[in-house]
2 protein chains.
Amino acid sequence: MKKKTSRLDVIKMIVSSQQVGSQEELLGILKNEGFELTQATLSRDLKQLKVAKAASVTGKYVYVLPNDIMYVRNVASTNASEMLMTSGFISIQFSGNLAVIKTKPGYASSMAYDIDIHNYTQILGTIAGDDTILLVLKEGTPPAQICKLLSFVNKDNDK
Amino acid sequence: MKKKTSRLDVIKMIVSSQQVGSQEELLGILKNEGFELTQATLSRDLKQLKVAKAASVTGKYVYVLPNDIMYVRNVASTNASEMLMTSGFISIQFSGNLAVIKTKPGYASSMAYDIDIHNYTQILGTIAGDDTILLVLKEGTPPAQICKLLSFVNKDNDK
DNA sequence: TTTTTCATCGTATAATTATTCTATTTTTGA
DNA sequence: TCAAAAATAGAATAATTATACGATGAAAAA
């Protein structure tokens, strides 16, 4: 009851915040959190939470929440924002599960390409004209998340 | 090599079109397709493909691809869909009342044209880039129906 | 050609995870 | 409250999957 659901919540938090490679390992972490349970119970918990074990880019198997199942974290994009920002970006607007990016003339297709190669799971695909890019977003993805992905974050001001 | 990559492709198609619950089971299906391999190799393949095993709504564990992409088998189907199947089709994904079709580079516009001329009432219109097509669907149209229209039907059975 | 390197894969086995069976606790309904 | 039903979980084990190791073959280098 109370105990179980709170345990499930903790499991979700652990799994989403660190790389857990086995149920034994997760069991140890839970123990530190004050949860005493066996591997059998944990297995049932994970099944209920629909947590999956998937290969990560590092070649290890880690547990992932159902929302992240398809998500491979490719973190080598520190310069991605720089690239985007310097390649004619003008604006981005959202409408439902679509986003429209305006660019300087001629910049759209190369910028769309830059977006494409990242294989963001939240962006199903892009179509570029000359100065406009249409992004089709995964359902339910908040605009802020897309902005963050594309590093269109407002770092200095809000106006 | 050639053999391995084609095998990986087949695995992707199988996993995306049917509910596979174990590597043994998948091994059997692959055998029917003419692939001889062991569970060890399959385990490695799945790791490379980043296929995950996750609990499904039915309470069973099934393998899932790292995204929602529906891969399609390239079998000749003699009708209008043959054209689609042989013209660079790669994958189709859905998001709300939109579908995004990925094609080989350069194939999108001709494929979109092929779709357009059918005047499907469930497809309001298409927009094509170089390797991506956006389909705007009539509201409420289930993805499966679109796949059927476009003859992306799952021919999953054991023959 | 010969050697080296690299990728692939099978065998056997280790490691991991799911489940059966049973016990205990909690909830429900009268 | 009390009995029945359902939920929860542990122990043991079955089932499943990953991997160490060695073998093989193909490509690359010498």
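Chain naming here is simple, since letters A, B, ... match the order of the sequence lines and numbering starts at 1 in each.
Pairing each heavy atom of B:I29 with each of B:V20, the nearest pair is CD1-CG2, 4.2 Å. Between A:I127 and B:T132 the shortest heavy-atom distance is CG1-CG2, 4.0 Å. Annotation for B:I133 and B:A108: closest pair CD1-O, 3.3 Å, computed over non-hydrogen atoms. Nearest heavy atoms, A:Q39 versus A:L27: N-CD2, 3.6 Å.
Residue contacts for A:E25: at a heavy-atom cut-off of 4.0 Å it reaches no nucleic acid atom on any strand shown.
Under the salt bridge (Lys or Arg N to Asp or Glu O under 4.0 Å) criterion, B:K47 pairs with no residue, sequence neighbours left out.
Atom CG of A:L26 and atom P of C:dA18 are 12 Å apart (whole Å). When the C1' atom of C:dT17 is taken as reference, atom NZ of A:K50 falls 17 Å away, rounded to whole Å. Across the protein-nucleic acid pair, B:L8 atom CG and C:dC9 atom C1' stand 13 Å apart, rounded to whole Å. A straight line from CG of B:L30 to P of C:dG10 spans 12 Å, rounded to a whole angstrom. In this structure, the CG atom of A:L27 is 12 Å from the C1' atom of D:dG10, given to the nearest Å. D:dT8 atom C1' lies 14 Å from atom CD1 of A:I11, rounded to whole Å. Computed from coordinates, the A:Q48 CD to C:dT17 C1' distance equals 17 Å when rounded to whole Å.
Linking ILVMFWY side-chain heavy atoms closer than 4.5 Å, directly or via other members, places A:I11 and A:Y61 in two distinct hydrophobic clusters.
At its two ends the helix from C:dT1-D:dA30 to C:dA30-D:dT1 runs along axes set 40° apart, each axis drawn from five pairs and the angle rounded to 10°.
Without hydrogens or angle criteria, A:K53 side chain to A:G21 main chain gives a donor-acceptor distance under 3.5 Å.
Under the 4.0 Å criterion applied to side-chain N and carboxylate O atoms, B:D45 and B:R7 are assigned as salt-bridge partners.
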- request: Before giving the answer on side chain to side chain contact (heavy atoms under 4.5 Å, CB included), spell out for B:L98 and A:L124 the whole-Å C-alpha distance, their side-chain angles and the decisive distance to 0.1 Å.
  value: CA-CA 10 Å; B:L98 298 174; A:L124 302 190; over 6 Å; no

task: Summarise protein proximity over nucleotides 14-25 of chain D in one line of letters, 5' to 3': B for base, S for sugar-phosphate only, - for none, counting protein heavy atoms closer than 4.0 Å.
output: --SBBBB-----

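At the phosphate of D:dA9, OP1 or OP2 sits under 4.0 Å from a side-chain N or O atom of A:R7.
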